[in-house]
Amino acid sequence: MSTPPLAASGMAPGPFAGPQAQQAAREVNTASLCRIGQETVQDIVYRTMEIFQLLRNMQLPNGVTYHTGTYQDRLTKLQDNLRQLSVLFRKLRLVYDKCNENCGGMDPIPVEQLIPYVEEDGSKNDDRAGPPRFASEERREIAEVNKVLGEVF
């Protein structure tokens with residue numbers, strides 16, 4: 001007897017696993033994928049903290065008598081957390097690959113262009129007629145002005 005293959009979500013495909021369901025699975029919103037990735041990272045951090053907590057509480061085998069039941073219980077919990085951590089890392093890799101696939105055609109924008117320039121007094125530039133000025137352009141202009149002023153004085 002053969003087990004049916006698992007879908008990407010980890011569940012067996014249902015009766016609606018036709019071409020429409022596969023197309024819908026391919027058209028996943030990138031923002032939703034990022035949210036799933038964020039939750040996965042949080043789960044990884046939580047599991048890692050549990051693993052370190054278990055390791056901290058486990059006694060080293062230095063000849064001291066130790067309850068076998070307690071040791072086995074902690075060892076089982078540790079192995080389960082390590083298995084879950086491995087699954088979470090695989091899930092994160094799938095989400096990462098899918099996000100890169102969805103964003104493959106986008107050109108990266110330098111971070112300096114994403115942050116609009118704000119003057120020292122806290123108010124934004126009131127140049128509403130022209131395009132917004134970015135911090136990198138302002139910095140370049142200020143450096144040029146300082147250079148000219150330095151030569152004059």
Working note: Arg90 + Ser86, criterion side-chain hydrogen bond (donor to acceptor under 3.5 Å, both in side chains); need CA distance, chi angles, decisive distance, verdict. CA-CA 6 Å; Arg90 279 184 262 152; Ser86 176; 3.1 Å; yes
N/O donor-acceptor pairs under 3.5 Å from side chains in residues 32-42, not counting sequence neighbours:
unit_1, atom_1, unit_2, atom_2, d
Arg35, NH1, Glu39, OE2, 3.1
Thr40, OG1, Ile36, O, 2.7

Quick one: pull up OG1 in Thr76 and CG in Asn81 and give me the separation to the nearest 0.5 Å. 11.0 Å
To the nearest 0.5 angstrom, please state how far the CG atom of Asn102 sits from the OG1 atom of Thr30. 4.0 Å
Just so I know, are the side chains of Glu101 and Asp97 near enough to count as touching, which here means a heavy-atom distance under 4.5 Å? no
Glu50 side chain reached by Tyr46 side chain, heavy atoms, under 4.5 Å: yes
Any salt bridge (Lys or Arg N to Asp or Glu O under 4.0 Å) pairs touching residues 75-86, not counting sequence neighbours? Asp73-Lys77
Can you hop from Leu85 to Val87 via hydrophobic side chains spaced under 4.5 Å? no
Quick one: side chain to side chain contact (heavy atoms under 4.5 Å, CB included) partners of Leu82, sequence neighbours excluded? Ile51, Leu78
